[in-house]
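Structure, as structure tokens:
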Amino acid sequence: MTDTLDWPRIADHLNAQGWAVVGPLLTPATCYALQALYDQPERFRSRILMQRHGFGQGEYQYFDNPLPDPLPRLRARLYAGLAPIANGWAARLERPGFPDSLDELTAQCRAAGQARPTSLMLRYGPGDYNRLHQDLYGDLVFPLQAAILLSDPGEFEGGEFVLVEQKPRSQSQAHVVPLKQGEAVIFAVRERPVAGTRGDYRVQMRHGVSTVRSGKRMTLGLIFHDAA
Ligand SMILES: O=C(O)CCC(=O)C(=O)O
Ligand SMILES: [Fe+2]
């Protein structure tokens with residue numbers, strides 16, 4: 001497990017490609033302990049069957065507050081490292097900036113009517129997949145999020161984490177991100193700035209998961225803005 005994160009490297013990767021692999025952030029024991037919470041419905045505020053909404057196939061649940069350990073500290077720590085990167089992007093994209101701490105962002109969300117927690121756990125079995133999407137839950141959007149692989153990659157086949165980016169007037173480009181158990185991919189929620197000859201422009205990003213061919217795949221999604 002990685003206690004200190006190499007933020008300059010993470011910033012370089014995020015600035016260069018819109019995503020970065022980080023960690024492992026969680027030990028295998030913690031990954032399995034979190035997976036076990038999935039079967040405790042009182043921990044969650046809602047359960048989504050993806051097929052019903054056209055989101056794909058498989059299911060996920062949004063945690064209710066209070067979030068289980070080690071999520072509160074992990075989210076606060078990731079946020080503190082990501083806020084300066086997000087502010088760099090906001091300046092380049094001429095969007096409003098973000099506070100230094102997650103507590104302040106959470107207060108801003110509440111004031112904007114976004115008060116429901118967005119941390120989620122996802123569970124995929126054979127044939128399940130997650131269509132390309134963006135995790136927007138209101139007008140207030142923190143531009144970076146994390147997904148942590150809770151399963152050991154030996155426990156399933158397929159189920160690759162996929163990012164697709166759309167540059168203006170170009171065809172889409174896909175990135176497949178390999179993850180080990182407990183590792184996180186940090187990625188752009190909606191868009192990222194790319195330097196062009198006439199200044200920065202916006203590249204749209206979407207993420208999803210390719211079809212799981214066999215086994216079980218579970219992930220933890222950490223989104224820093226709350227939901228309306
Ligand atoms: O299961 C995954 O790897 C992706 C989950 C996801 O869409 C998210 O965390 O926002
Ligand atoms: Fe997502």
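Since the structure is predicted, the reported quantities are computational estimates derived from the model, not experimental observations. Atoms within a ligand are numbered from 1 in the order they appear, just like the ligands themselves.
No more than 12 heavy atoms of other residues, nucleotides or ligands lie within 6.0 Å of CD in Glu94, so this atom counts as exposed by the packing criterion. Enclosure of atom CD in Gln171 is not indicated, since only 12 or fewer non-hydrogen atoms of other residues, nucleotides or ligands lie within 6.0 angstrom. Annotation: Arg45, atom CZ; neighbour count of heavy atoms from other residues, nucleotides and ligands within 6.0 Å is above 12.
Closest to atom 9 (O) of ligand 1, if we only count protein heavy atoms, is Gly221 CA, 3.4 Å. Here the protein heavy atom with the shortest distance to atom 1 (O) of ligand 1 is Tyr124 OH, 2.6 Å. Here the heavy atom of the protein found nearest to atom 4 (C) of ligand 1 is Val209 CG2, 3.6 Å. Arg217 NH2, 2.7 Å is the protein heavy atom nearest to atom 3 (O) of ligand 1. Of the protein's heavy atoms, Asp135 OD2, 2.8 Å lies nearest to atom 10 (O) of ligand 1.
Near His133, meaning under 4.0 Å from one of its heavy atoms, ligand 1 places the atoms 7 (O).
With Asn15 contributing its side chain and Asp12 its backbone, the two residues share no donor-acceptor pair below 3.5 Å.
Contacts of Asn130 with ligand 1, taken as heavy-atom pairs under 4.0 Å, involve the side chain alone.
Using a 4.0 Å cutoff on heavy atoms, Tyr60 does not count as a contact of ligand 1.
Draw a line from the Fe ion (ligand 2) to NE2 of His133 and another to NE2 of His207, and the angle between them is 90° (to 10°).
Distances from the Fe ion (ligand 2) to the N/O/S atoms of Asp135 are shortest for OD2.
The aromatic rings of Tyr79 and Phe142 sit tilted, their planes meeting at an angle between 30° and 60°.
In this structure, Arg217 forms a cation-pi arrangement with Tyr124, its terminal cationic atom sitting closer than 6.0 Å to the ring centre and no more than 45° off the ring axis.
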